[in-house]
Structure formats: C-alpha cells, structure tokens
Amino acid sequence: MAVLRPEHAPLTLTDVNTRCVLLHDAGADDVLVIPFSREVAAWTPEEFISRVLVDGLHAAAVVVGANFRFGNKAAGDVGTLATAGAASNFTVEGIALDGGPQVWSSTYVRTCLQAGDVEGAAEALGRPYAVTGHVVKGDQRGRDLGFPTANVPTRGIAAPADGVYAGWLRNLDEPGSEPLPAAISVGTNPTFHGERERRVEAYVLDRTDLDLYGVAVEISFVARTRGMVAFEGIDALVETMKGDVVQTRQLLGV
C-alpha cells in the first residue's frame with residue numbers, strides 16, 4: 001500500500017529491522033527481504049515463483065498462511081503454489097489462521113490499538129505491543145513536575161489510543177539491558193493548550209537521573225490505566241500522575 005496507494009497506507013506496527021529481530025528470536029536462521037516496487041507488483045504469480053522461490057531460494061518447502069495471495073492483482077494463492085511446487089519439486093503447506101471469532105492479523109491488532117486494548121493486541125502478537133524510536137527533547141514540563149519523560153514521536157507509527165498505560169522502557173543502544181517499569185502517556189497533552197503533535201511519553205518509575213536524548217528505545221504497553229483528560233490546573237494533574245504511578249506499580253508487580 002505504501003508503494004501503490006500511499007494515501008491509503010495503514011500505520012506500521014513494526015519496521016523491517018524489528019521484524020528481523022522478532023523472526024530471529026522465534027527461531028529463523030535467516031531473513032530475506034525483497035524490496036517492493038511497482039515492477040515487483042507487476043510480476044505474475046508464475047514470475048514470483050520462478051524468480052524468488054525457484055531461482056532465488058531453491059526452495060524445498062514453502063509455508064504460508066491459508067489466505068496467502070501473491071502476484072499481480074493478487075492472482076496467486078496456495079493452490080497456485082501447490083501446482084507450481086509439484087512441477088518444481090517443492091512442497092507447499094497453507095497454515096490455518098489463528099485467533100477467533102475474528103482471526104488475528106495486522107488489521108485486527110490495529111483495531112485493538114485504536115480502542116486502547118493493548119491486552120488484546122498482545123494476545124494476538126504473542127508479546128506486548130511496542131513502539132521504537134529515538135528519544136527527542138520535549139517541552140520538559142514532566143521534568144518540572146517531577147516526572148521526567150522519554151518522548152518518542154508517533155509519526156507513521158500505530159500507537160495505542162490516547163491515554164495512560166503501564167508498561168516498560170528498554171534502552172536499545174545497550175544490548176542486554178533490562179526493561180524498566182514505566183508509566184506511559186500517549187496523546188497531545190490536552191491540559192496544555194496549543195500542543196498538537198501526538199507522541200509517546202514514558203516516565204521510568206523512580207528515575208530522574210536518566211539521560212536518554214538521542215537514544216533508541218523500545219516502549220512496550222502492558223495495560224491501559226485511564227483515558228486522556230484535560231485538567232483544570234497543575235495540582236490536579238500532578239495528583240493524578242501520582243495515582244498513575246501507583247496503579248502502574250500494581251499492574252507491573254514492581
């Protein structure tokens with residue numbers, strides 16, 4: 001969609017590098033990424049099979065979802081693959097889709113996120129939903145209020161619905177570092193008028209010493225604690241944030 005109809009392309013759940021890491025963690029030995037283009041989109045199913053599966057990979061077995069479609073105008077399906085496999089000496093298996101009553105898919109996960117249902121998204125993904133990005137300098141209001149946050153812009157990212165969440169922050173620039181418990185805000189800070197940029201802000205519990213500007217982080221969502229609220233004054237905001245921290249501790253067991 002990003003290539004053929006970019007104005008209708010959905011927000012991404014993961015980038016290519018993250019998908020490679022997830023596949024490696026799931027047991028894949030190697031990942032081959034084929035850059036998609038209008039030229040590739042024009043390949044017939046037979047061209048795709050010949051170029052990628054037979055000549056490129058010398059495939060012995062192909063496993064896809066039962067609803068897999070490929071080739072120009074999605075003309076190929078599992079049956080197309082099986083017929084080609086019989087002629088080119090590779091086996092084909094179509095795997096039934098998991099989930100129910102609505103099958104799990106990227107569309108399903110986006111629907112969960114739009115509703116703030118990060119638990120539902122995690123059930124489908126098999127892991128908590130997370131966003132990654134480099135921490136940018138914000139307005140530093142959180143620091144002034146005693147809750148310094150790591151700010152990650154959400155441009156192009158399928159972030160959960162506006163609200164406050166319990167979750168974790170992990171420093172990706174330090175491989176092997178432990179995730180840190182965090183109270184996470186998603187939205188535009190309606191208490192402070194004039195702010196329009198949507199972003200993810202994570203306050204690491206009990207830590208005011210972290211310098212994360214420019215650092216790549218992963219922020220994962222465990223549970224939603226409340227919706228976004230515009231407060232009458234700073235005191236009410238601070239008291240609510242203290243409550244968010246207490247609830248986050250309880251949800252994360254820290």
Side-chain angles (χ1 to χ4, degrees), residues 1-115 117-132 154-161 221:
M1 291 289 283
V3 171
L4 301 179
R5 299 177 66 190
E7 68 278 10
H8 297 293
L11 298 172
T12 59
L13 297 176
T14 56
D15 57 27
V16 171
N17 288 336
T18 302
R19 290 200 292 276
C20 290
V21 171
L22 291 168
L23 286 164
H24 177 268
D25 291 346
D29 294 317
D30 291 291
V31 179
L32 174 66
V33 179
I34 304 172
F36 189 76
S37 64
R38 288 187 175 274
E39 179 185 357
V40 173
W43 289 354
T44 64
E46 292 72 24
E47 281 183 285
F48 177 88
I49 292 168
S50 175
R51 288 172 179 253
V52 177
L53 301 180
V54 177
D55 297 338
L57 291 174
H58 309 293
V62 176
V63 182
V64 294
N67 65 339
F68 179 68
R69 308 291 301 213
F70 67 104
N72 184 249
K73 297 182 180 180
D77 57 16
V78 177
T80 310
L81 280 174
T83 300
S88 299
N89 200 32
F90 63 82
T91 62
V92 175
E93 183 176 3
I95 300 295
L97 303 185
D98 211 340
Q102 182 177 348
V103 297
W104 291 337
S105 65
S106 58
T107 298
Y108 173 80
V109 172
R110 289 187 186 92
T111 300
C112 288
L113 295 176
Q114 289 169 1
D117 181 12
V118 293
E119 293 96 334
E123 181 187 18
L125 292 168
R127 59 182 172 82
Y129 180 70
V131 300
T132 59
T154 63
R155 289 185 293 274
I157 301 173
F221 300 84

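These numbers come from a predicted model, not from an experiment.
Counted within 6.0 Å of CG on Asp25, heavy atoms from surrounding residues, nucleotides or ligands total more than 12; the atom is thus considered enclosed. Taking a 6.0 Å sphere around CG of Asn89, one finds it holds 12 or fewer heavy atoms contributed by other residues, nucleotides or ligands.
Side chains of Ile157 and Thr132 form no contact here, defined as non-hydrogen atoms less than 4.5 Å apart. Using a 4.5 Å cut-off on side-chain heavy atoms (C-beta onward), Phe90 and His58 make no contact. Residues Val103 and Asp98 have side chains not in contact (no heavy-atom distance under 4.5 Å, counting atoms from C-beta outward). You'll find the side chain of Leu22 reaches within 4.5 Å of the side chain of Arg127, heavy atoms only.
Classification of the Trp104-Tyr108 ring pair by plane angle, with boundaries at 30° and 60°, yields tilted. Tyr129 and Phe221 have parallel rings, their planes meeting at less than 30° on a 0 to 90° scale where 60° marks the start of perpendicular.
Considering every non-hydrogen atom in both Pro35 and Val40, the closest pair reads O-CG2, 3.8 Å. When all heavy atoms are compared, the tightest approach of Leu113 to Ala159 is CB-O, 4.4 Å.
Checked options Val118, Asp117, Leu125; the residue passing with Val109 is Leu125 (criterion: side chain to side chain contact (heavy atoms under 4.5 Å, CB included)). If you run side-chain hydrogen bond (donor to acceptor under 3.5 Å, both in side chains) between Asp15 and each of Thr18, Asn17, Thr12, only Thr18 comes through.
For the atom pair CZ of Arg51 and CD of Glu46, the computed distance is 12.5 Å after rounding to the nearest 0.5 Å. Atom CH2 of residue Trp43 and atom CD1 of residue Ile49 lie 12.0 Å apart, to the nearest 0.5 angstrom.
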